[in-house]
Amino acid sequence: MSAQKSYLERSKLHSNPTAKAFLELMERKKSNLSVAADLTTKAGLIELADKVGPYICLLKTHIDVVEDFDQDLVDQLTALAKKHDFMIFEDRKFADIGNTVKLQYSSGVYKIASWSHITNAHMVPGEGIIQGLREVGLPLNRCMLLLAEMSSAGTLAKGDYTETTVQMARKYKDFVVGFIAMKRYADQEGDDFIYMTPGVGLDQTSDGLGQQWKQPREVVYDQGCDVIIVGRGIYGKGRDPAFEAKRYQEAGWNAYLERIAK
Ligand code: 6AU
């Protein structure tokens with residue numbers, strides 16, 4: 001089972017170069033924390049990335065919520081990723097036919113494929129969505145996650161939908177390296193998917209808009225997921241982002257150490 005192996009062991013065997021580098025990075029930084037930087041200004045996003053940078057393996061962006069987006073923001077985030085040694089995950093949640101997502105991924109205002117190491121997509125449109133994104137991303141050494149489950153109350157991503165999503169990931173393993181999921185699924189021969197879980201909070205359990213927050217230990221130790229994605233628990237009102245990021249980094253990492261020692 002990949003859940004029992006260390007990130008380093010897994011990195012040695014991984015066939016996707018970006019997933020391999022990401023697993024190495026997690027081990028090097030002793031971090032399985034991704035910060036969901038859902039801020040609406042360029043200055044706010046850069047400031048947060050610089051503050052939490054030392055504690056994270058992955059900065060997750062929603063680039064389309066930034067009011068004053070420009071190429072300089074991308075350049076600065078890329079420089080911060082180098083300075084602090086983290087990767088960038090644009091949480092675009094693509095959901096259209098292959099030809100359209102190719103354009104959305106490569107072109108337009110954001111040119112996501114040019115700077116984001118990892119992105120994600122819903123499987124609603126069927127297999128063509130992976131084929132379209134893969135055509136753009138593979139030559140650039142990018143990779144993606146499929147949304148197999150969601151953290152929100154009443155999600156329709158469950159049962160057969162989740163199972164088919166996992167099968168599709170197996171079919172396109174060279175580009176699909178993992179899932180947004182609430183738990184780890186049983187491995188089949190040769191599987192090593194990276195499981196990233198949003199809806200993580202140490203202090204609160206819900207936001208009144210359907211989000212449901214779980215403890216880091218529940219996600220990493222009990223459910224066997226690899227990366228905790230934390231937003232408002234870190235940058236929310238009245239919080240000190242560097243202090244909180246360190247707190248979540250420790251909680252996530254300790255749960256991982258406990259898991260691999262099982
Ligand atoms: O910690 P929060 O609730 O402030 O932020 C959670 C982040 C947000 C969501 O867009 C995202 O995680 N998210 C996702 C992702 C990462 O794809 C899926 C999901 O099911 N739930 C969820 O909250 O940026």
Side-chain angles (χ1 to χ4, degrees), residues 22 32-41 44-45 48-49 51-52 55-66 77 86-95 101 104-105 110 112 116-124 129 133 143-159 161-162 165-166 169 176-185 193-216 218-220 223 225-241 244-245 247-249 251-252:
F22 181 65
N32 52 13
L33 170 65
S34 171
V35 168
D38 295 348
L39 300 185
T40 56
T41 64
L45 180 50
L48 179 67
K51 279 188 179 153
V52 302
Y55 311 104
I56 65 174
C57 56
L58 188 66
L59 182 77
K60 191 180 81 61
T61 55
H62 275 307
I63 211 68
D64 60 351
V65 306
V66 179
L77 289 179
F86 60 73
M87 285 193 186
I88 304 177
F89 165 21
E90 164 56 19
D91 181 8
R92 175 61 180 75
K93 295 190 179 70
F94 291 101
V101 296
Q104 291 171 324
Y105 188 28
Y110 303 116
I112 294 164
S116 178
H117 304 97
I118 304 174
T119 193
N120 57 353
H122 289 290
M123 269 307 294
V124 176
I129 190 167
L133 293 169
C143 60
M144 72 175 286
L145 310 172
L146 290 174
L147 283 119
E149 289 175 287
M150 293 196 72
S151 62
S152 40
T155 173
L156 304 182
K158 59 185 178 184
Y161 180 88
T162 301
T165 301
V166 176
V176 180
V177 302
F179 304 105
I180 295 291
M182 298 299 119
K183 60 183 173 298
R184 193 177 207 93
Y185 312 126
F193 293 113
I194 300 174
Y195 290 75
M196 302 203 188
T197 306
V200 178
L202 282 162
D203 309 313
Q204 273 167 295
T205 56
S206 67
D207 70 350
L209 284 176
Q211 178 65 299
Q212 307 172 110
W213 286 303
K214 289 191 263 186
Q215 295 291 317
E218 202 180 329
V219 168
V220 177
Q223 302 300 341
C225 295
D226 295 310
V227 175
I228 51 170
I229 299 177
V230 185
R232 286 163 287 178
I234 285 178
Y235 70 79
K237 213 165 176 242
R239 294 188 191 272
D240 170 351
E244 295 296 342
R247 195 171 155 233
Y248 279 93
Q249 179 194 8

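Indexing begins at 1, ligand by ligand and atom by atom, following the structure's order.
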> Between Tyr185 and Phe179, does the ring centroid distance fall short of 6.0 Å?
yes
> My understanding is that only one of Ile194, Ile180, Thr197 makes a side-chain contact (heavy atoms from CB on, under 4.5 Å) with Cys225; could you say which?
Thr197
> Please output the residues near ligand 1 using a strict heavy-atom distance under 4.0 Å, listed in chain and residue-number order.
Ala36, Asp38, Lys60, His62, Asp91, Lys93, Asn120, Leu147, Met150, Ser151, Ile180, Pro198, Gln211, Trp213, Ile229, Val230, Gly231, Arg232
> Decide if atom NZ of Lys93 counts as having more than 12 heavy atoms of other residues, nucleotides or ligands within a radius under 6.0 Å.
yes
> Please enumerate all residues that pass salt bridge (charged side-chain N to carboxylate O under 4.0 Å, His left out) together with Asp240, with sequence neighbours excluded.
none
> Which residue in the set Thr61, Asn120, Thr119 passes side-chain hydrogen bond (donor to acceptor under 3.5 Å, both in side chains) when paired with Glu90?
Thr61
> For Asp226 and Asn32, which I'm curious about, is there any donor-acceptor pair between the side chains at under 3.5 Å?
no
